[in-house]
Each structure stands twice: as structure tokens, then as C-alpha cells.
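Here the structure comes first, spelled out in C-alpha cells, and everything after it is commentary.
Worth knowing before you read on, the calculation uses all heavy atoms, side chains too, and leaves out hydrogens, waters and symmetry mates.
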Amino acid sequence: MPLLAVTYLKGRPGVTTTALGLAASAPADAGATVVECDPAGGDLMRRLELAATPSLVDVAAVARGATDADTAFVAGVQPVAVGDAVVPVVAAPAGGAQTRAALPELAGTGRAVLTAPDRLVVADCGRLSAGSAAWPVLRLADVVLVMARARADELAHLREALAELVDVGPGRLVVLLAAGGVYPAAEVAHVLQTHVSEELARDPGAVEVLGPLPEDRKAAAVLGGELLPGKRWRRLPLMRAFASVLDGLAADLTVAPPASADPAREEAIG
């Protein structure tokens, strides 16, 4: 069930940009789809000038009676062109109330919409708080990617949340350092892993640290729909960093090969 949940606790580290960038960097056969699960409401409709419908609300409505994930996804996907890539996006309305009402339909017991085996779902879970409606999404995730800048204030909030994050589910917990930090990744990893070991009495390997991402306004503008991508947009520093992050997570985000076609259906088509 290849589900990658992207979230943060403090500041504005660029979670939505990262979710879209990771999906755009994924291999075409991964079917990477961005789903806005931010309980505060989505940003992509306005940022990328998408239509108000279909949206996450439509996916949740269809999920109530759908027998397969594809049926629900088709109800809410809008294609977004990023260079030579087309990223399917399930956008959420700007108002958080509709998203909060929709999330239980997508993350409830038995719901396969976010965990379809033949599609990589990148869930933008927005800012994580104690009572966030996105926690059930994190519990389903194969990888929980928590973004933070390597600054004292953001890392303090992250350290305080580690007890819940380490136990959120069976998935892999990874801290991805955003641009703009002041401490090296190795130092951040040491502090967090020491806290997990000494204060939480857990395996320090329960949390990993990747990054930092490079400061790359050009790539961010491409992903934000503010700048047309050039022919070499995939070689921009931020896009290369996203591809590297995905490579490091690949073992936990394996997409199942498509099921063999039904012979009867093939005959009918032929």
C-alpha cells in the first residue's frame, strides 16, 4: 500500500510544494497522485487555478459506495502538467470544514482509496496538531515524512511530538529538512535519535533524517505554476533532491505491477 504522508509541525517548510514535487519526480509507472488531506483546507485549487470540482469532497462521496479505489479517484482527479509530467491531483476546497468531513471516509477502516496497491499516493496532510483530522492518514502511511527547518524552534516542536510520531503506525518515520536551517543533518539526527533512545526508550533507528533540501526558487515557482518549466527542469537542484528522496524511500513505496488483463475482456476488445 504505497502511501506517503507529508506533514509538518511548525513554520512553513513548503509541504504542498514538496508533495507535488515528489509526485512529479516519481516514475511514470508509479501513477503518483497528490491528495490534499490538509484539515485546514487545500492550496492547489487557487495556486494552480484548478476547477472547484471535482475535488476531495467528490472522492469521499463516491468512496462510500465504491467497490474499488479507481472508481473513487476518477471522481476527484484533475491533471496538472508539470513540464513533461502530468500529475493527477485530488485538490481540497480552501475551506477546511469540507476536508475535515471528507477525511474519515478516506481513512476509515476498510477504505482502500488512499492505499491502492497500484498507485503511489502522496498525501499532503498540512500542519499536524494534537487533534488533527490527518492523524488517521498518518496511521495508514507506509512512510510519514515530517518536514522541518533545522532551526531551534522548529526542532523543539518536532522533538516534543516524537513520542506520538514514533508510535503513529507501522510505517517508516522520516524527517526531511527543508531549506533555511542552521544545523547540519547529522547533528539533527543525533539530537532526535538520542531523544528517542534516552527519553522514549525506543530504537533510535525509529526516526531518520534526510536533507536538507536546497534553496531553489526557480523550481518552487515551476511547481507553484508561476514559471514555465524549461527543457531541463528535472535537473533543477530541488527536483533532483526530490528524486533522491524518492530513491531513498523506494523500498517502502513499491507499487504493485498492474494485474493481468481479463482474457474475456481482451477477447471482447479484440
Side-chain angles (χ1 to χ4, degrees), residues 1-7 15-16 18-39 42 44 54-79 87-92 99-126 128 132-147 164-174 176 206 208 245-260:
M1 53 175 193
L3 172 61
L4 170 60
V6 189
T7 188
V15 164
T16 300
T18 296
L20 185 58
L22 289 170
S25 301
D29 59 3
T33 303
V34 175
V35 180
E36 285 196 295
C37 298
D38 186 345
L44 291 176
S55 73
L56 185 77
V57 176
D58 300 289
V59 173
V62 174
R64 295 187 189 107
T67 57
D68 61 87
D70 281 339
T71 302
F73 264 107
V74 168
V77 164
Q78 296 190 52
V87 180
V89 168
V90 177
T99 302
R100 291 191 295 274
L103 285 178
E105 295 294 337
L106 305 182
T109 303
R111 304 297 184 187
V113 176
L114 295 178
T115 57
D118 57 349
R119 174 189 291 107
L120 169 61
V121 172
V122 183
D124 172 4
C125 295
L128 195 63
S132 174
W135 279 102
V137 178
L138 270 61
R139 293 187 187 104
L140 291 175
D142 297 276
V143 177
V144 175
L145 196 66
V146 184
M147 295 191 67
E164 289 181 276
L165 287 168
V166 165
D167 292 329
V168 70
R172 183 174 168 188
L173 176 61
V174 179
L176 176 60
E208 305 167 56
V245 169
L246 280 180
D247 284 345
L249 304 177
D252 296 275
L253 298 173
T254 303
V255 173
S260 56

Does Ser55 offer a backbone N or O that forms a donor-acceptor pair with the side chain of Gln78 under 3.5 Å?
no
Rounding to 0.5 Å, atoms CG (Leu114) and CG (Leu3) come to a distance of 6.0 Å
Check each of Leu145, Val6, Val15 against Leu176 using the side chain to side chain contact (heavy atoms under 4.5 Å, CB included) test, and report the only one that passes.
Leu145
Can you measure from CH2 (Trp135) to OG1 (Thr7) and round to the nearest 0.5 angstrom?
8.0 Å
What one should report as the nearest heavy-atom pair of Pro54 and Asp58 is CA-OD2, 3.2 Å
Could you check Arg119 against Asp70 for side chain to side chain contact (heavy atoms under 4.5 Å, CB included), going step by step and ending with a plain yes or no?
CA-CA 10 Å; Arg119 174 189 291 107; Asp70 281 339; 2.7 Å; yes
Distance check, rounded to the nearest 0.5 Å: Leu120 atom CG versus Thr254 atom OG1?
10.0 Å
Counting distance only, does the side-chain N/O of Glu36 pair as donor-acceptor with the main-chain N or O of Leu44 below 3.5 Å?
yes
Give me the atom names and distance for the closest heavy-atom approach of Val87 to Ala32.
CG1-O, 4.1 Å
Please report the C-alpha distance between Leu56 and Thr99 in whole Å, then the side-chain angles of each, then the deciding distance to 0.1 Å, and finally whether the side chain to side chain contact (heavy atoms under 4.5 Å, CB included) criterion is met.
CA-CA 7 Å; Leu56 185 77; Thr99 302; 3.7 Å; yes
Minimum-distance pair of heavy atoms, taken over all atoms of Val137 and Ala123:
CG1-CB, 4.0 Å
Identified side chain to side chain contact (heavy atoms under 4.5 Å, CB included) partner of Phe73 from the options Val62, Val121, Val59
Val121
Please report the shortest heavy-atom distance between Leu128 and Leu165, naming the atom on each side.
CD2-CD2, 3.8 Å
To the nearest 0.5 Å, how far apart are CZ in Arg172 and CG in Leu253?
8.0 Å
Got a list of side-chain donor-acceptor pairs under 3.5 Å for residues 22-31, not counting sequence neighbours?
residue, atom, partner, partner atom, Å
Ser25, OG, Gly21, O, 2.8

Is a donor on one side and an acceptor on the other found under 3.5 Å between the side chain of Thr33 and the backbone of Val89?
no
State whether the side chain of Arg100 and the backbone N or O of Pro39 hold a donor-acceptor pair below 3.5 Å, judged by distance alone.
yes
Nearest 0.5 Å, what's the SG-CG distance between Cys125 and Leu4?
9.0 Å
Search all heavy atoms of Ala5 against all heavy atoms of Leu138 and return the closest pair with its distance.
CB-CD1, 4.1 Å
Search all heavy atoms of Pro2 against all heavy atoms of Val255 and return the closest pair with its distance.
CG-CG2, 4.0 Å
